[in-house]
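Whatever order the structure lists ligands and atoms in, that order sets their numbers, starting from 1. Below, each value reflects all heavy atoms present in this structure, side chains not excepted, and no hydrogens, waters or symmetry copies.
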Amino acid sequence: MSIKKALTIAGSDSGGGAGIQADLKTFQELGAYGMSAITAVTAQNTLGVHGVYPVSIEGIVKQIDAIGEDLGTDALKTGMLFSSEVIEAVSERIHHYGWQNVVVDPVMIAKGGAKLLQDEAVRAMKEKLIPLTAVITPNIPEAEVLTDMKIHSIDDRREASKILVDMGAKSVVIKGGHADDKEVIDLFYDGGSFEELVSPRIDTSHTHGTGCTFSAAITAQLANGLSMKDAVITAKEFIRAAIEDELGIGGGHGPTNHWAYNKRGGPS
Ligand SMILES: Nc1ncnc2c1ncn2[C@@H]1O[C@H](COP(=O)(O)OP(=O)(O)O)[C@@H](O)[C@H]1O
Ligand SMILES: Cc1ncc(COP(=O)(O)OP(=O)(O)O)c(N)n1
């Protein structure tokens with residue numbers, strides 16, 4: 001058996017709910033061998049982000065090269081990239097290694113309001129990273145920033161998805177956690193057709209790291225050889241289970257439960 005490998009290039013969340021920690025837990029649960037290149041260390045818990053400590057560009061590139069020159073990877077995701085310099089360096093390395101299964105979670109702001117991407121970095125994301133992307137997974141506010149349009153309806157999301165494909169992304173999921181619909185609709189677009197992935201909206205404040213976990217699940221399943229659509233469908237099931245089966249830890253926005261999907265027996 002050849003083990004499939006998945007890499008996350010993202011920030012560290014000391015509280016374990018988001019960032020690198022959420023990604024590696026998700027990779028492990030979905031059977032992929034997890035690797036990481038840490039872009040920034042955050043002092044963070046369920047109450048918020050208490051400090052951001054960026055890793056040097058040299059330190060980030062060295063971590064990616066350590067993987068690229070030895071282990072290689074079957075898929076990778078990016079999370080918190082923080083600055084245009086980091087985005088440029090990471091994009092250049094992805095291009096250098098010819099990595100194709102690239103999942104971009106364009107993390108901008110944590111739920112508590114802390115900035116995880118500088119404003120000036122949006123341009124580098126559009127110009128350097130999005131053209132290398134197999135799938136980009138913005139939430140609604142992130143999609144608004146990237147496309148420079150307001151998103152109210154599903155039709156707006158369709159329009160925004162097309163703009164992101166025009167920028168170079170091969171496919172797009174605009175997630176629906178921030179909408180005020182009764183159900184949560186994640187809209188998938190593969191550049192040809194749309195698919196609405198619908199699930200009940202769970203009434204909980206324990207949603208810290210949902211976006212990280214969702215994009216990590218897509219990454220693991222791409223590494224495992226699934227099609228993009230099937231990878232996104234698994235990710236939706238994974239995050240639904242992780243939110244429903246809440247851990248109830250911490251005094252604020254608690255983490256999701258990365259064990260829940262397998263505890264329920266895996267794929268439905
Ligand atoms: N209250 C909720 N109930 C069910 N699923 C949710 C809920 N909130 C978020 N999700 C799911 O979590 C994932 C992340 O969604 P979203 O909150 O929009 O992104 P982010 O965490 O990046 O802000 C999506 O797949 C979405 O369907
Ligand atoms: C280190 C780090 N990376 C990313 C995030 C944002 O994660 P996300 O999944 O969007 O969850 P919330 O922060 O919105 O709960 C983060 N907080 N920390």
Test item: Gln118 side-chain N/O and Ser83 main-chain N/O as donor-acceptor pair under 3.5 Å: no
For atom 16 (C) of ligand 2, the protein heavy atom that lies nearest, with its residue and separation: Leu116 CD1, 3.5 Å
Heteroatom proximity flag, Lys111 to ligand 1, N/O under 3.5 Å: yes
State whether the shortest distance between N or O atoms of Lys175 and N or O atoms of ligand 1 falls below 3.5 angstrom. yes
I'd like to know if Arg240 contacts ligand 1, where contact means a heavy-atom distance under 4.0 Å to any ligand atom. no
Which residue and atom name correspond to the protein heavy atom nearest atom 18 (O) of ligand 1, and how close is it? Gly177 N, 2.8 Å
CG of Leu81 to CE of Met125: how many Å apart, nearest 0.5 Å? 5.5 Å
Students should be able to answer this: which protein heavy-atom is nearest to atom 18 (N) of ligand 2, and at what distance? Gln44 NE2, 3.1 Å
When distances are taken from atom 3 (N) of ligand 1, the protein heavy atom at minimum range is Ile202 N, 2.9 Å
Flag the pair Lys236 and Glu195 as a salt bridge only when some basic side-chain nitrogen lies within less than 4.0 angstrom of an acidic carboxylate oxygen. no
May I have the step-by-step check of side chain to side chain contact (heavy atoms under 4.5 Å, CB included) for Asp105 and Glu142, ending in yes or no? CA-CA 9 Å; Asp105 181 11; Glu142 289 159 354; 4.2 Å; yes
With heavy atoms of Asn139 as the reference, note each atom of ligand 1 found under 4.0 Å away. 18 (O), 19 (O), 20 (P), 22 (O), 23 (O)
Going by distance only, is there an N or O of His208 that falls short of 3.5 Å from an N or O of ligand 2? yes
Would you call Lys150-Asp156 a salt bridge at under 4.0 Å N-O? no
Go through the steps to decide whether Ile64 and His96 satisfy the test side chain to side chain contact (heavy atoms under 4.5 Å, CB included), and finish with yes or no. CA-CA 11 Å; Ile64 297 172; His96 173 83; over 6 Å; no
Is there at least one pair of N or O atoms, one from Phe214 and one from ligand 1, spaced under 3.5 Å apart? no
Under 4.0 Å from a heavy atom of Lys236: give me the atoms of ligand 1 that qualify, with their elements. 27 (O)
Around atom 21 (O) of ligand 1, find the nearest protein heavy atom and jot down its residue, atom name and distance. Thr210 OG1, 2.7 Å
So, regarding Cys212 and ligand 2 (criterion: nitrogen or oxygen to nitrogen or oxygen, under 3.5 Å), is there a contact or not? yes
Does an N or O from Ile109, backbone or side chain, lie closer than 3.5 Å to an N or O of ligand 2? no
Looking at ligand 1, is there an atom of it that comes within less than 4.0 Å of some heavy atom belonging to Pro200? yes
Is ligand 2 under 4.0 Å from a heavy atom in the side chain of Thr210, in the backbone, in both, or in neither? backbone
Give yes if a backbone or side-chain nitrogen or oxygen of Gly209 is under 3.5 Å from a nitrogen or oxygen of ligand 2, and no if not. yes
Atom 14 (O) of ligand 2: nearest protein contact (heavy atom, Å): Lys111 CG, 2.9 Å
Heteroatom proximity flag, Asp105 to ligand 1, N/O under 3.5 Å: no
Please check if the number of heavy atoms outside Arg123 that lie under 6.0 Å from its CZ is greater than 12. no
Relative to the heavy atoms of Asp186, which atoms of ligand 1 are at a distance of less than 4.0 Å? 24 (C), 25 (O), 26 (C), 27 (O)
Which atoms of ligand 1 are found less than 4.0 Å from any heavy atom of Ile239? 12 (O), 25 (O)
I'd like to know whether ligand 1 has Glu244 as a neighbour, heavy-atom separation below 4.0 Å. no
Per-atom contacts, ligand 1 versus Arg201 - under 4.0 Å to a heavy atom: 1 (N), 3 (N)
What protein heavy atom lies closest to atom 5 (N) of ligand 1? Include the residue and the distance to one decimal. Ile243 CD1, 3.5 Å
Only one of Asp13, Thr46, Thr256 passes side chain to side chain donor-acceptor pair (under 3.5 Å) with His208, and that residue is Asp13
